[in-house]
Visitor: 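Sharing a structure below in structure tokens format, with a few things to ask.
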Amino acid sequence: MTNDTSKLSNTSTSNKARPWIQTSRYEFETVCRSTLCPKEWFQVGKIYVCECCLKTTIHETSARRHRTKCTQTRPPGCLIYSQNDVNIFEVLGWKTQTYCEDLCLLATLFIESKVEIKNVHRFRFYVLTVSHNENQYHFAGFFSKLQFQERLNLSCLLILPPYRNRGFGSLMVHISYALSHLANVHTGTPERPLSTQGLLCYRKYWKSKIFDYLLTKTNDEQIAINDISKATSISTCDIIETLASLNMIRMLEKDKLIIYRSQELLDEYVQKSKQNHIRSEIVIFDPKYFKIKSTSITLPFENKSKRLKFDDDETAMTFLNYYPSSKTDQQLD
């Protein structure tokens with residue numbers, strides 16, 4: 001993407017009912033038509049969004065005037081991660097309600113399951129920005145999570161179209177798990193239902209963590225699902241879901257599952273990981289860029305609210321490494 005106003009479109013659907021978004025650098029198509037948005041947004045062809053304060057207008061002259069007067073250069077929160085031109089800020093919904101409502105309203109144009117924009121006081125928002133110059137942080141995406149629900153490490157995830165294919169989705173998922181870990185919660189999972197983009201990001205993350213673990217094990221070692229969960233901080237249900245999506249898990253007998261460890265998939269993963277490290281535009285999570293080392297979370301409603309039940313500790317299923325013969329491989333295909 002070389003031009004400052006590059007157009008990004010989705011040719012699979014008509015854009016008559018959905019406006020485009022214009023920022024200072026990019027122009028791109030929205031995906032959803034939400035009833036939560038102002039009606040006038042769908043009566044014009046373009047919405048102008050300030051990348052710094054997220055104010056919107058349907059008039060180009062108003063957008064230009066606002067750009068000259070806007071004094072906000074960064075999200076109204078605390079910087080928690082900084083890596084080259086990428087910065088992530090923690091923004092509290094109860095403290096900056098207007099900014100967070102504008103954030104959620106923008107998300108409704110890309111996430112069909114986004115149905116809440118007013119109760120932002122219940123959430124913490126982690127805003128991803130990209131610095132195109134020294135003094136301005138341009139909005140590129142965000143994820144949100146419920147207050148006092150550290151095991152639900154993510155509620156909503158959005159990366160704007162111009163900033164995709166740089167590894168930002170995986171970076172945000174890494175951050176969500178890292179924050180839960182800092183709160184002494186060692187197994188997390190996202191809130192359901194996941195959006196299509198969110199599911200793809202999480203499955204990519206889960207696959208990388210599980211494969212990294214499998215690559216450290218020898219062929220003769222038995223692998224317990226709780227061991228994978230403890231090593232990766234991924235819940236047992238998410239591990240099973242990921243392996244099933246890769247066609248690497250089968251029911252052997254009652255309450256027994258086995259992993260069909262595909263060396264082809266592992267080799268492909270290793271090769272792709274090497275390529276990503278070579279590509280300079282791909283941002284890979286590195287703990288040394290974390291600006292916070294620990295967090296103290298108090299749960300004032302812990303004794304009053306209904307506790308979520310997780311079955312990680314009770315899971316007794318054992319996963320075995322199994323290398324099927326070529327005949328069995330053909331049957332599984």
Visitor: Would you check, one step at a time, whether the test side chain to side chain contact (heavy atoms under 4.5 Å, CB included) holds for F28 with T23?
Guide: CA-CA 9 Å; F28 50 94; T23 64; 4.2 Å; yes
Visitor: Under a 3.5 Å threshold, yes or no: a donor from one side chain and an acceptor from the other, between Y289 and N84?
Guide: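 There is no such pair between these side chains.
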Visitor: Can you check whether Y99's main-chain N or O pairs, donor with acceptor, with T96's side chain at less than 3.5 Å?
Guide: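 The answer is no, because no donor-acceptor pair under 3.5 Å joins these two groups.
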Visitor: Hey, does the side chain of S155 reach the backbone of E191 with a donor-acceptor pair shorter than 3.5 angstrom?
Guide: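 No; zero donor-acceptor contacts below 3.5 Å.
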Visitor: Would you tabulate the side-chain donor-acceptor contacts of residues 170-179 under 3.5 Å, counting partners in other chains and residues two or more places apart, or write 'none'?
Guide:
unit_1	atom_1	unit_2	atom_2	d
H174	ND1	S170	O	3.0
S176	OG	V173	O	2.6
S176	OG	Y202	OH	3.4
Y177	OH	G188	O	3.4
Y177	OH	W206	NE1	2.9

Visitor: Does any N or O in the side chain of Q83 come within less than 3.5 Å of the main-chain N or O of I284, such that one atom is a donor and the other an acceptor?
Guide: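 Yes, because the side chain of Q83 sits within donor-acceptor range (under 3.5 Å) of the backbone of I284.
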Visitor: May I ask you to decide whether E268 forms a salt bridge with K272, counting only side-chain N to carboxylate O separations under 4.0 Å?
Guide: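 Salt bridge flag = no for K272 with E268.
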Visitor: Is it the case that atom CZ in R67 sees more than 12 heavy atoms from other parts of the structure closer than 6.0 Å?
Guide: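 Counting neighbours around CZ of R67, more than 12 heavy atoms of other residues, nucleotides or ligands fall under 6.0 Å, so yes.
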Visitor: Would you sort out whether L146 and R122 count as a side chain to side chain contact (heavy atoms under 4.5 Å, CB included), showing the intermediate values?
Guide: CA-CA 6 Å; L146 279 167; R122 300 170 55 225; 3.5 Å; yes
Visitor: For T242 and K207, indicate whether the former's side chain and the latter's backbone hold a donor-acceptor pair under 3.5 Å.
Guide: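 Not a single qualifying donor-acceptor pair exists.
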Visitor: Give a yes or no on this: more than 12 heavy atoms of other residues, nucleotides or ligands lie within 6.0 Å of atom NZ of K204.
Guide: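 Counting neighbours around NZ of K204, 12 or fewer heavy atoms of other residues, nucleotides or ligands fall under 6.0 Å, so no.
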Visitor: Quick one: do D238 and R192 make a salt bridge, cutoff under 4.0 Å?
Guide: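 Between R192 and D238 there is a salt bridge, with a charged N closer than 4.0 Å to a carboxylate O.
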Visitor: Donor-acceptor pairs are to be reported for all side-chain atoms of residues 39-50 against protein atoms at under 3.5 Å, with residues two or more places apart or in another chain.
Guide:
none

Visitor: Output all residues satisfying ring-ring contact (aromatic ring centres under 6.0 Å, His included) with H186, sequence neighbours left out; order by chain, then residue number.
Guide: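 Once residues adjacent in sequence are excluded, the partners of H186 under the ring-ring contact (aromatic ring centres under 6.0 Å, His included) criterion are H181.
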Visitor: State plainly whether the residues K217 and D227 are in salt-bridge range, i.e. N to O under 4.0 Å.
Guide: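 Judged by the 4.0 Å cut-off on N to carboxylate O distance, K217 and D227 do not form a salt bridge.
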Visitor: Answer yes or no: does atom CD of E281 have more than 12 heavy-atom neighbours from other residues, nucleotides or ligands under 6.0 Å?
Guide: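 Enclosed: over 12 neighbouring heavy atoms sit under 6.0 Å from CD of E281.
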Visitor: Step by step, work out the side chain to side chain contact (heavy atoms under 4.5 Å, CB included) result for V86 and R166.
Guide: CA-CA 11 Å; V86 177; R166 282 197 61 187; 4.2 Å; yes
Visitor: I'd like to know if the side chain of T232 reaches the main chain of I228, judged simply by a donor and an acceptor atom lying under 3.5 Å from each other, with no hydrogens or angles considered.
Guide: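 Flag set: sc T232 to bb I228 pair under 3.5 Å.
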Visitor: What about the rings of Y137 and F89, do their centers lie closer together than 6.0 Å?
Guide: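 That pair passes the under 6.0 Å test.
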Visitor: Hydrophobic clustering (ILVMFWY, side-chain heavy atoms < 4.5 Å, transitive) - are F148 and W94 grouped together?
Guide: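 Looking at the clustering, F148 is in a separate group from W94.
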Visitor: Quick one: do E241 and R203 satisfy salt bridge (charged side-chain N to carboxylate O under 4.0 Å, His left out)? Show the steps, please.
Guide: CA-CA 9 Å; E241 177 185 332; R203 281 191 174 171; 3.4 Å; yes
Visitor: Please confirm whether the backbone N or O of R18 pairs with a side-chain atom of R33, one donor and one acceptor, at under 3.5 Å?
Guide: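 Not a single qualifying donor-acceptor pair exists.
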Visitor: Heavy-atom count check: over 12 atoms from other residues, nucleotides or ligands less than 6.0 Å from D85 CG?
Guide: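 Atom CG in D85 is crowded, with more than 12 foreign heavy atoms closer than 6.0 Å.
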